[in-house]
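Lettering of chains follows the sequences in order, A, B, ..., and the numbering in each one begins at 1.
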Amino acid sequence: MNFDDTPQEAAFRSEARAWIDANAPRELEAQLSRPSVGRVKLDGIDIITASKAWQKTKAAGGWACLHWPKEYGGRGASPIERVIWQQEEGVYDKLSGVFLIGQGMCGPTMMAYASEEQKRRYLPPLASGEEIWCQLFSEPSAGSDVAGLRTRAEKQGDEWVINGQKIWTSGAHYSDYGIVITRTDPTVPKHKGLTMFFLSMKTPGVEVRPIKQANGGQEFNEVYFTDVRIPDAQRLGAVNDGWNVSLTTLMNERLSIGARVWTGFSEIFAFCSDFMTENGPALDDRAVRSRLANWAVRHSGLKYTSYRSISALSRGERPGPENSIGKLVSGSMMQDIAAFALDLQGAAGALTDPELAEAAGQFQSMLLQSPSGRIAGGTDEILRNIVAERVLGLPGDIRVDKDMPFNQVPTRGRKS
Amino acid sequence: MNFDDTPQEAAFRSEARAWIDANAPRELEAQLSRPSVGRVKLDGIDIITASKAWQKTKAAGGWACLHWPKEYGGRGASPIERVIWQQEEGVYDKLSGVFLIGQGMCGPTMMAYASEEQKRRYLPPLASGEEIWCQLFSEPSAGSDVAGLRTRAEKQGDEWVINGQKIWTSGAHYSDYGIVITRTDPTVPKHKGLTMFFLSMKTPGVEVRPIKQANGGQEFNEVYFTDVRIPDAQRLGAVNDGWNVSLTTLMNERLSIGARVWTGFSEIFAFCSDFMTENGPALDDRAVRSRLANWAVRHSGLKYTSYRSISALSRGERPGPENSIGKLVSGSMMQDIAAFALDLQGAAGALTDPELAEAAGQFQSMLLQSPSGRIAGGTDEILRNIVAERVLGLPGDIRVDKDMPFNQVPTRGRKS
Amino acid sequence: MNFDFSEQQKQLRDEARRYLAEHSSPKAVRAVLDGAAPFDRALWKGLGGMGFLGVAVPEEFGGAGAGHLELCVIAEEMGRALAPVPFSSSIYLATEAIMLAGDDDQKRRLLPGLASGQTIGTLALFERPGNPSPRAIAATVAGGVLSGTKVPVADGAIADLAVVAARSGSGGRDTDISLYIVDLAGKGVTRKTLANLDPTREQAEIVFQDCPAELLGPAGEGWSILTRVLDRAAVLMAFEQVGGADRALEMGRDYALDRIAFGRPIGSFQAVKHMLADMYVSATLARSNAYYGAWALSTDAAELPEAAATARISATQAFQHCAKNNIQVHGGMGFTWEFDCHLYYRRANALALSLGSLSYWEDQLIDRLRSRNAA
Amino acid sequence: MNFDFSEQQKQLRDEARRYLAEHSSPKAVRAVLDGAAPFDRALWKGLGGMGFLGVAVPEEFGGAGAGHLELCVIAEEMGRALAPVPFSSSIYLATEAIMLAGDDDQKRRLLPGLASGQTIGTLALFERPGNPSPRAIAATVAGGVLSGTKVPVADGAIADLAVVAARSGSGGRDTDISLYIVDLAGKGVTRKTLANLDPTREQAEIVFQDCPAELLGPAGEGWSILTRVLDRAAVLMAFEQVGGADRALEMGRDYALDRIAFGRPIGSFQAVKHMLADMYVSATLARSNAYYGAWALSTDAAELPEAAATARISATQAFQHCAKNNIQVHGGMGFTWEFDCHLYYRRANALALSLGSLSYWEDQLIDRLRSRNAA
């Protein structure tokens, strides 16, 4: 049991470190090091522009999409090398956020289902950040139940005509391409009538509208499809086999293990060390200490759980769905931490202006952001189901609609 | 909004108080006032004997089973009078425990379904405590799912022959009679093939075996039925209508509102006031205070929820399933309180001898008893279902066995 | 025993509910949220006209002369409707303080305006982060003029008068603190609205510089009066929180019945059912504790200090719990600006901090239970 | 990075698991539970014979000379099998204390017996209710003889020797405390077994009256040595707790798959599924934290104090949580004496209190994180 690199890993790490030292945009380091909730904001430069510049530099140096084959713009690196890279990249990793979905989910799907010609056309610019991709899966009536989606694609000659609405599409407003899952046969059970495509976001009939979030932010979009026509060549996988294709996409999501764990613990510990109550630092208060200790062990537990996953990767094993616990634990923990930080601040805790609020208002932002941590990317309830079913082997929920033709599945509740 | 009696209530209360002053077994008062977990134990006198004596006195004075009709041994009192009686009876109410199931559940069922002759024979001695009744519902394979019971009753001529096993039968070993629910038709869905009977616990073929509990106590029994023969006249309700009969029994359970709320809060507050840590009374510790405050408001919330129910009773309304929350809240609260009290005691918290342990070992007893608080009388999960379905109107769970002939319902899991 | 509101009080509640359903609709709340105005002036006037603001103020001072139980049922409806008006500042705090500590002249002069809504009042207490404490008061009154900075002051930028806690002596003792009434339109007052969690309620910083200040109640007894005012406000606020919690629970329940996933209402999944059951439990405990507070408030019972702390803690927990899990039941839709869930979440968290936060009231409750047990 | 046990260590774990499955079966555990004997002497001998007791003791002192990582995997299996033997007292506490603070002669004299199981050791620390603290030590050593009362002492009635914390001076200072080795078979020792939550582990009161006591480690450094011993024991105990938590989770999972209610396995109801998922989460966090502790222990890292506290808290929470909810999953059957659920519940709660309880370790953890941050 040790934290040491193998000789190969050490060699890779020092090569990566040297390259980063020589090439990283040092002028952004201070800004990127600030704690941030949700999307990162930079002063004086647009985050997309900054991200594309760094990604291009990495691609030129052979450090983009490390685990992809070289012919598609990657480096052919091992999973553990990817983790080492992430550790070395440090705060500059915040400049990868806008590429996450494209490179983490769309890319692998293209890799598995697109033609060789398409792969050579689309993957390298995806890897180098020249083109950004998004994923068009969720719909207003299909959230946790993604397979309940209603966006239709109808075959007309050699083309497909898509109509419907997607939602929660992260980055749709700055994306060049997207993969979209559609219903192509509503007369069969819901998982069986789906088909996957990719398309340019500039295709006529595609309209992107930002969603204003509960915290006032705008990170997601609605995307409307009105008679959008795309050639059959942009189909990914067989007709009506879209559910299986989407599983490829979603599986890949799980492979990206974060070497960093963000729970808000470091922030609340620092705050309680600094914040003066009438009786001295908050950290002297036994009630505060008890809360902090409980968060400390959860934070630490997640951190070392990820280390165990990295070790498994390092041995060449595939990390399992055990990793679902990260978000499950940190989601409600952040909500509790934020509420607790405000509690200590008393009435002044309600103030949100970063100039006036304690700790530059970070806990106020966290409070308003945190409900999404328990929802986006799988609700707590779905994650508990995943742990129960895939890790513990408990039975799935009873699926009343499993064998029902999709167009007979009820769409409204209350005795309908 | 007030705590005052109406003039009629005040008159009733003073009559009750005067009678109790004149007749209660004062010699037991001190012992009954001690905090106790689970069944009460008395020094020098058996609790059954003491209970029967007090009940007999009450019956003679017209204070037994207050809300029952006079002709069956009651007083014909209103529900609110019953609550007032309970308040006045105070600690002597602990002598009613052994009659609770008989008077609270078996009696009302007999009242609803037995013949007039049977009611006149059985109800007065039930009311006066001369005869104790038990309720034979749960089975090893039918706990939360009571309707999944397997004890069979087969008609032979004018008799029924009962075979099977009941479990969790409180007081079976000192009961004279019992009501028993059986399966009379296994070929129809589970709720439709049940029939209710009553019988003497001395009927040949009835065997009672005590169950040793996890905490070492023995409050419950298994009851085995081997070719137990009873006349058809002891049937309650129609053949195969036993589920509806059982609902009468269970509904009545809910009508008995306790005027007292037991959560362990008073005990833990007293303990923390007395217990000296190195830095003074535990009550000065901010971590302790925070925990106590949270338990205090739950305790208070339950107390005033019961006051609201009593007010509803006083207005002649029927209290609803809202009362299910009492056990739901107090069950896990007691478990937490006990663990916390032990935590304060440190290593010595593991000692259980009442002579040596802090607070006479009451929190050690509570810890070992408390798992049953979340199970007996409806698990937390069943109670949440009741609140969700009957109070909030949410849909019932999907019942895969609802329309299935009972003998086709699977009995073992793991892909069976 | 009648541990419930009377029929007339329930009718008043229904009346308030009907009125607010029409005049404090989500649309009206959102107009304030989106910054059209710092509060809904028309609604405020309407509430005054209905007699809701002065319901607990004696008739001789321009109120309806009903009582605090009546005020409790109205507070509950204010919470349920998220009324975007300075009700808590003006009624629970300023009006209560003047009713409690004012002399006859002050009551005659000030209560009619507060009861009608003509005047908006508030309490200017806090000066820095942390909970209510005499040691945190630095503002001073000397020679009848007040100087100091109060932040945050709820509804501070829209109020006409403030009850201000300030030091009347320089000894640094708790008994150096007195309460004062200050005209916020007067000279020396500088006010600034501050962004806060719940934009449907205004928060401000007020700088007082040599402002004329009128003593309210005996000099040197400011902190003890304030403690009593906060207790009374805690009970009233608890009703507002209970109203909010109930509505958040209802929203969650309704959505769970309507929303289909996996071919059935999401409310048929135990994870959702049990989440809602737990919300019901905390809302019910909070309601019962609020009733206890209402009884103590309306009868001026010796139990008021502990009843107020109990009601406050329970209601804060319930509203935060219900508002948070109402979003969770709604899933992604619950995290949109468009759905109303976040309005309740914002309000729940903002109300949790006003009057002192949970940890403050927990401490208060234990002190109070201890002294009762010792007595 | 290899943040996992080596293949050899995993083989050792499997070996220990197989051995304990056979020799520490539920039947064997119940024999001790039901009072047949205070511990399973045959099992203890067998464990010694297998080399499990002395796995971390250097070969020169009669051990296997492996290391603490090896001891961790064995501890985990001890917890899983609820082994009814004085493993924690003798190995985590007495043996560790002597390895840490003993001089060469003491090691040579005492470790071989402890490593083989010939000698059973324990730590006599507590004197009154409450958590570890120098101020709670009243036992004194003067002129080489010890007097005082220790209660409770885990495995105190079956142990042959005790490491005892006592005052070597009368100044009342923390630096007056030293550790001593005392022969429990010697004169002046009176022992009494005390009923406790977990009858599969013995607890005793020991009265020392003028007993010969041999200094262990430098005089006056008793408390600082003890702190280090407790840290080491906390990591080892965490593995024992993680083993217990894992087994309780497995039992719950298995029962949920087998038990039918409402026509389907109870494990298909979300209430049960999610309860088990939450148990898995706490067991996983505890395991990862225990690994962190094992790394720190085995490398004698500067992080050991905080890693030990983290491992201890997390493992205590996980075992209590899993043991408690394993009963809940089992419903009524889980509350019978016949089912094994209560054995894990008893053990979980008993282990939670040994070495100091949760609130103690929470406090320790914050102190340690603070001093690291300050450093």
I'd like to know which of A:R374, A:E381, A:Q345 tops the heavy-atom pair count under 4.5 Å against chain C. A:R374
Quick one: of C:A261, C:G332, C:A271, who has the most non-hydrogen atom pairs under 4.5 Å with chain A? C:G332
With a 4.5 angstrom heavy-atom cut-off, which part of C:F262 approaches chain A: side chain, backbone, both or neither? both
Side chain / backbone / both / neither for A:Q213 at chain C, heavy atoms under 4.5 Å: both
Salt bridge or not between C:E250 and C:R253? Use side-chain N to carboxylate O under 4.0 Å. no
Non-hydrogen atoms of chain C under 4.5 Å away: do they reach the side chain of A:Q408, the backbone, both or neither? neither
Measure distances from A:I167 to the heavy atoms of chain C and classify the residue's part below 4.5 Å as side chain, backbone, both or neither. side chain
At a heavy-atom separation under 4.5 Å, does C:F126 approach chain A through its side chain, its backbone, both, or neither? side chain
Top contributor to chain A contacts, counting heavy-atom pairs under 4.5 Å, from C:L355, C:I266, C:L194, C:D198: C:L194
Could you tell me which of A:L342, A:I211, A:V288 has the largest number of non-hydrogen atom pairs under 4.5 Å with chain C? A:L342
Of the backbone (N, CA, C, O) and the side chain (C-beta and beyond), which part of A:T277 lies under 4.5 Å from a heavy atom of chain C, both, or neither? neither
For chain A, which of C:N349, C:D258, C:V151 has the most heavy-atom pairs under 4.5 Å? C:D258
Tell me, for C:F339 versus chain A, whether the close heavy atoms (under 4.5 Å) come from the side chain, the backbone, both or neither. neither
So, are A:D145 and A:R399 salt-bridged, with charged N and O less than 4.0 Å apart? no
Looking at A:D353, A:L351, A:D380, which makes the most heavy-atom pairs under 4.5 Å with chain C? A:L351
When heavy-atom pairs shorter than 4.5 Å are enumerated against chain C, which of A:S370, A:G361, A:A348 gives the highest number? A:A348
Going from CD1 on C:I177 to CG on C:L226, what distance comes out if it is rounded to the nearest 0.5 angstrom? 8.5 Å
Can a salt bridge be assigned to the pair A:D401 and A:K190 using a cut-off of 4.0 Å between side-chain N and carboxylate O? yes
Audit row: C:H330, C:N326, side chain to side chain donor-acceptor pair (under 3.5 Å) steps and yes/no: CA-CA 6 Å; C:H330 278 73; C:N326 177 39; 3.1 Å; yes
Ion pair present between C:R135 and C:D174, side-chain N to carboxylate O less than 4.0 angstrom? no
Which bit of A:F275 comes within less than 4.5 Å of chain C, counting heavy atoms only: side chain, backbone, both or neither? side chain
I'd like to know if C:D176 and C:R173 make a salt bridge, using a cut-off of under 4.0 Å between side-chain N and carboxylate O. yes
Pick from A:R384, A:K402, A:Q335 with the largest number of heavy-atom pairs that fall under 4.5 Å of chain C: A:Q335
